[in-house]
2 protein chains.
Amino acid sequence: MKGITRPPTNLQTLAAQLKALAEPKRLMILHLLMEGVQCNCELGDALKLPPNLISHHLRMLREAGLINVERDAVDARWVYYSINRAALDELNTAFGSFFDPDRIKPRRPTCGPQSSVVRVSDIAVTA
Amino acid sequence: MKGITRPPTNLQTLAAQLKALAEPKRLMILHLLMEGVQCNCELGDALKLPPNLISHHLRMLREAGLINVERDAVDARWVYYSINRAALDELNTAFGSFFDPDRIKPRRPTCGPQSSVVRVSDIAVTA
DNA sequence: AAAATAGTTCAATCTGCATTGAATTATATT
DNA sequence: AATATAATTCAATGCAGATTGAACTATTTT
């Protein structure tokens with residue numbers, strides 16, 4: 001009888017990133033960033049949200065390490081956000097490892113009325 | 001020049017499921033369920049949490065459609081939770097589609113000082 | 001120098017939800 | 001019938017974060 005295996009991913013880190021993603025407007029921002037839209041004003045137009053709120057959501061995504069920031073070389077008033085490709089790859093890997101359906105194991109009856117019942121699969125065949 | 005493509009997934013639904021997942025203790029519960037641990041008491045022992053709090057987290061996961069509930073046929077006091085395999089498959093598909101790195105497109109300069117600059121790639125070669 | 005532009009930061013409010021402890025339900029045991 | 005067991009529900013508390021409006025910073029334009 002095998003023990004419990006450690007989760008394949010750091011749960012604190014995964015939960016923190018998922019928290020940043022678990023917001024409809026932020027998902028929409030990420031979608032727009034993937035589509036090539038990248039400045040605060042356009043995001044605000046698309047989502048019908050004021051610029052300060054866009055800034056807030058962008059900050060959440062940035063602090064989760066999911067996006068990059070860059071200032072325009074010609075006119076430094078403009079700020080461009082973009083997907084952090086490496087972070088996205090890591091996220092996909094972590095998510096895929098954790099929620100891999102192949103990890104699902106059958107119930108281990110160490111609890112409840114059946115916990116003391118001897119299972120056929122546990123009886124050693126000796127002769 | 002192409003327009004913005006619709007996201008490949010229902011953002012409301014994905015966000016709701018991610019919100020259910022974005023909690024370290026719930027991730028740990030899901031991990032334990034995958035490992036075959038399935039009753040409130042054992043989850044509570046493993047996470048050092050009181051049973052009512054385990055119930056709360058299980059309810060969140062259940063309302064997100066991620067887990068199944070079943071009562072013991074012999075002693076109905078015991079309740080067994082398990083991973084909803086179909087929901088997990090759908091989640092993986094939705095997540096993978098949304099966060100597919102291949103979806104990332106180059107910046108579309110419809111904003112900022114470069115928005116009026118004619119790009120070489122936009123000049124039609126006529127002869 | 002003054003005004004305009006793009007964006008961020010700050011303070012206040014409101015809401016959702018994790019947590020806690022007590023009460024309750026349902027079932028089984030004595 | 002009374003008690004024990006497994007779990008859920010309920011009420012109250014505290015905190016994190018979404019939202020709002022105003023103030024502020026940095027840069028460019030006039």
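So that the names make sense, note that chain A is the first sequence line, chain B the second, and so on, each numbered from 1.
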A/Arg71 side chain near A/Trp78 side chain, heavy-atom distance below 4.5 Å:
no
Of A/Leu49 and A/Ala76, the one whose closest DNA chain D nucleotide lies more 5'
A/Leu49
Taking side chain as C-beta onward, heavy atoms only, is A/Ser55 less than 4.5 Å from A/Asn40?
yes
Reading DNA chain C from 5' onward, which residue's closest nucleotide shows up sooner: A/Arg77 or A/Ile54?
A/Arg77
D/dT19 phosphate, OP1 or OP2, under 4.0 Å from A/Lys25 side-chain N/O:
yes
With a non-hydrogen cut-off below 4.0 angstrom, is A/Asn40 in contact with a base, only sugar-phosphate, or nothing?
sugar-phosphate
Please evaluate residues A/Leu91 and A/Leu21 with respect to the criterion side chain to side chain contact (heavy atoms under 4.5 Å, CB included), reporting the C-alpha separation (whole Å), side-chain torsions for both, the decisive distance (0.1 Å), and the verdict.
CA-CA 11 Å; A/Leu91 175 66; A/Leu21 301 177; 3.7 Å; yes
What is the distance, to the nearest angstrom, from the CD1 atom on A/Ile29 to the C1' atom on D/dA18?
12 Å
Cation over ring face, B/Arg62 and B/Tyr81, 6.0 Å, 45°
no
Kindly determine whether B/Phe99 and A/Met34 satisfy side chain to side chain contact (heavy atoms under 4.5 Å, CB included), including the steps that lead there.
CA-CA 9 Å; B/Phe99 294 106; A/Met34 286 193 181; 4.2 Å; yes
Does B/Asn52 or A/His56 map to a spot on DNA chain D nearer the 5' end, using the closest nucleotide for each?
B/Asn52
Any link between A/Ile67 and A/Leu53 through a network of hydrophobic side chains (Ile, Leu, Val, Met, Phe, Trp, Tyr) touching at under 4.5 Å?
yes
OP1 or OP2 of D/dT8 versus the side-chain N and O atoms of B/Tyr81: is any pair under 4.0 Å?
yes
d(CG, A/Leu27; C1', D/dA18) in whole Å:
15 Å
Within a strict 4.5 Å, meaning less than it, do heavy atoms of the B/His31 and A/Ile4 side chains meet?
yes
Length of the line joining A/Trp78:CH2 and D/dT28:C1', which is rounded to integer Å
12 Å
Quick one: B/Glu42 CD to D/dT5 P, roughly how many Å, whole number?
17 Å
Could you identify which residues of residues 57-73 of chain A place a heavy atom less than 4.0 Å from some atom of DNA chain C, listed by residue number, or say none?
A/Arg59
On a heavy-atom basis, the closest approach of B/Leu88 and A/Pro101 is CD2-CA, 4.0 Å
Check B/Arg85 against A/Ile104 and note the closest heavy-atom contact, atom names and distance.
CD-CD1, 3.9 Å
Of all nucleotides in DNA chain C with an atom under 4.0 Å from a non-hydrogen atom of chain B, which is the first and which the last going 5' to 3'?
C/dC17 to C/dA28
